[in-house]
Enquirer: 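I'd like to ask you about the structure that follows.
Below, all heavy atoms of this structure are taken into account, side chains as well, without hydrogens, waters or symmetry copies. For this chain, numbers begin at 1 and follow the sequence in order.
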Amino acid sequence: MILLPGISENRQIWLKQLELLKSQNFGVLNVDFRNQGESQRTYRGQRIFQLASDVHELINYLKINRPIMIGHSMGAAVSFAYLALYGSTNITAVVDVDQSPKMINDENWKYGLKNLNWETFPELLKLPLPSPTWHGIRTDIKEVLIKIKKNNPYNPTANQALLIDNAFQDWRDVIAESECPFYFITGEYSPYFDHRFASAMVAIAKNADCTSISNAGHIVMAEQPELFNKTLLSALNWISSIKGK
């Protein structure tokens, strides 16, 4: 498993999933992207494709064979960029956690980032985004995240180009054409995305399924970790059944 966090997050956002996956004897690689968490600060390469290239280099360096990529928010977009660059031959599956494949709304797509359209792009992204959660991150997870952020501060202004690049992309064709299975886990009350984007993607992907987590916002896995983990195990079982056919 490769765990990929969202923009501004550090890898400890996956704390409860890391515990679960290790208890199930999965090998897990938990990644901090460049400029985030405990990774090096460099403001070159602020592009989703650069982050996908970073992950590709790491997979090759560690000789990881056919991982499942589990990405939250921008982390899922990095998974899509990886598929666009390198294909799905060496990827078992992708799990998307609350990331619409197209963030800019238009007349044909209503499931992007709320209030973001071609008239408000990119200026809306330069304003503070609303709180990403429905009722906050679980306290024990939040304490760990705060400690990491205190020692490794994140600079949103310096990373604004990455946010804008992420929002500009449209990954629907990548999802439709990829051979690997996709599983979409959304937050029922995500302040960023209408969870129905997942059903729209299930309709066009070759192999896909989805679940919406109740009483959860955008950071699903840290708001409702027990329910998320139960859903994740079901997703992994579904992926196993698909790959076994």
Enquirer: Any heavy-atom pair between the side chains of Ile70 and Met1 that's under 4.5 Å?
Expert: yes
Enquirer: Carefully, step by step, assess Arg138 and Glu223 under the rule side chain to side chain contact (heavy atoms under 4.5 Å, CB included).
Expert: CA-CA 6 Å; Arg138 252 248 311 256; Glu223 296 181 58; over 6 Å; no
Enquirer: Are the charged groups of Lys16 and Glu226 less than 4.0 angstrom apart, N to O?
Expert: no
Enquirer: Decide whether His195 and Ser190 meet the rule of one side-chain donor and one side-chain acceptor closer than 3.5 Å.
Expert: no
Enquirer: Determine whether Leu236 and Leu21 make a side-chain contact, defined as any pair of heavy atoms from C-beta on separated by less than 4.5 Å.
Expert: yes
Enquirer: Going by atom types alone, do Asn10 and Gln36 pair a side-chain donor with an acceptor below 3.5 Å?
Expert: no
Enquirer: So, for Asn108 and Asp106, which heavy atoms are closest and what is the spacing to 0.1 Å?
Expert: N-OD1, 2.9 Å
Enquirer: Determine the minimum heavy-atom distance between Ser88 and Arg66, stating which atoms define it.
Expert: O-NH1, 4.1 Å
Enquirer: Is it the case that more than 12 heavy atoms not belonging to Arg196 sit under 6.0 Å from its CZ atom?
Expert: no
Enquirer: Would one find more than 12 heavy atoms of other residues, nucleotides or ligands at under 6.0 Å from atom CZ of Phe168?
Expert: no
Enquirer: Find out whether Leu51 and Leu162 are in side-chain contact, i.e. whether some heavy atom of one side chain is under 4.5 Å from a heavy atom of the other.
Expert: yes
Enquirer: Under a 3.5 Å threshold, yes or no: a donor from one side chain and an acceptor from the other, between His72 and Glu9?
Expert: yes
Enquirer: Would the number of heavy atoms belonging to other residues, nucleotides or ligands and lying under 6.0 Å from NZ of Lys114 be above 12?
Expert: yes
Enquirer: Could you walk me through whether Ser214 and Trp134 satisfy the side chain to side chain contact (heavy atoms under 4.5 Å, CB included) test, starting with their C-alpha distance in whole Å, then the side-chain angles of each, then the deciding distance to 0.1 Å, before giving a yes or no?
Expert: CA-CA 10 Å; Ser214 60; Trp134 175 243; over 6 Å; no
Enquirer: In terms of relative ring orientation, are Phe184 and Phe197 parallel, tilted or perpendicular, with 30° and 60° separating the classes?
Expert: perpendicular
Enquirer: Quick one: closest heavy-atom pair of Cys180 and Thr92, and the distance?
Expert: CB-O, 3.8 Å
Enquirer: Decide yes or no for Ile91 and Met69: does some side-chain heavy atom of the first lie under 4.5 Å from some side-chain heavy atom of the second?
Expert: yes
Enquirer: What are the two closest non-hydrogen atoms of Ile48 and Asp165, and how far apart are they?
Expert: N-OD2, 2.8 Å
Enquirer: Please work out whether the ring planes of Phe49 and Trp171 are parallel, tilted or perpendicular, with thresholds of 30° and 60°.
Expert: perpendicular
Enquirer: Please examine the side chains of Leu124 and Asn115, heavy atoms only from C-beta on, and report whether any two atoms are closer than 4.5 Å.
Expert: yes
Enquirer: Are the side chain of Gln17 and the backbone N or O of Met221 linked by a donor-acceptor pair below 3.5 Å?
Expert: yes
Enquirer: Does the Asp170 side chain pair with the main chain of Lys102, one donor and one acceptor, at a distance under 3.5 Å?
Expert: no
Enquirer: So does Asp194 pair up with Lys110, basic N to acidic O under 4.0 Å?
Expert: no
Enquirer: Output yes when a side-chain donor or acceptor of Ser100 lies under 3.5 Å from a complementary backbone atom of Tyr111, and no otherwise.
Expert: yes
Enquirer: Measuring only between side-chain heavy atoms, which start at C-beta, is Leu4 closer than 4.5 Å to Val55?
Expert: yes
Enquirer: Do the side chain of Glu38 and the main chain of Ile148 share a donor and acceptor less than 3.5 angstrom apart?
Expert: no
Enquirer: Check whether Asn105 reaches the backbone of Gly112 with its side chain - one donor and one acceptor, N or O, closer than 3.5 Å.
Expert: yes
Enquirer: Test your reading of the model: is there a side-chain donor-acceptor pair from Ser240 to the backbone of Asn237, 3.5 Å cut-off?
Expert: no
Enquirer: Check whether any side-chain N or O of Gln24 sits under 3.5 Å from a backbone N or O of Leu20 as a donor-acceptor pair, and report yes or no.
Expert: no
Enquirer: Does the side chain of Ile239 reach to within under 4.5 Å of the side chain of Val95, using non-hydrogen atoms?
Expert: yes
Enquirer: The test is side chain to side chain contact (heavy atoms under 4.5 Å, CB included); show your working for Trp118 and Ile104 and say whether it passes.
Expert: CA-CA 7 Å; Trp118 288 112; Ile104 300 177; 3.5 Å; yes
Enquirer: Please report the C-alpha distance between Leu3 and Val31 in whole Å, then the side-chain angles of each, then the deciding distance to 0.1 Å, and finally whether the side chain to side chain contact (heavy atoms under 4.5 Å, CB included) criterion is met.
Expert: CA-CA 6 Å; Leu3 303 179; Val31 176; over 6 Å; no
Enquirer: Arg172 and Met201: which non-hydrogen atoms are nearest, and at how many Å?
Expert: CG-CE, 3.7 Å
Enquirer: Please check if the side chain of Arg34 supplies one atom and the backbone of Tyr43 the other of a donor-acceptor pair under 3.5 Å.
Expert: no
Enquirer: For a quick test of reading the model, state the closest non-hydrogen atom pair linking Asn90 to Pro67 and the distance between them.
Expert: O-CD, 3.1 Å
Enquirer: Between Asn30 and Arg11 (side chain of the first, backbone of the second, donor and acceptor by atom type, cut-off under 3.5 Å), is there such a pair?
Expert: yes
Enquirer: Do Asn159 side-chain atoms and Asn155 backbone N/O form a donor-acceptor pair below 3.5 Å?
Expert: yes
Enquirer: Please confirm whether Phe193 and Trp109 have ring centers closer than 6.0 angstrom.
Expert: no
Enquirer: Can you tell me which residue among Leu232, Thr186, Thr231 is in a side-chain contact (heavy atoms from CB on, under 4.5 Å) with Thr211?
Expert: Thr231
Enquirer: Is the shortest side-chain heavy-atom distance between Met74 and Phe33 below 4.5 Å?
Expert: yes
Enquirer: Salt bridge or not for Lys206 and Glu179, using N-O below 4.0 Å?
Expert: yes
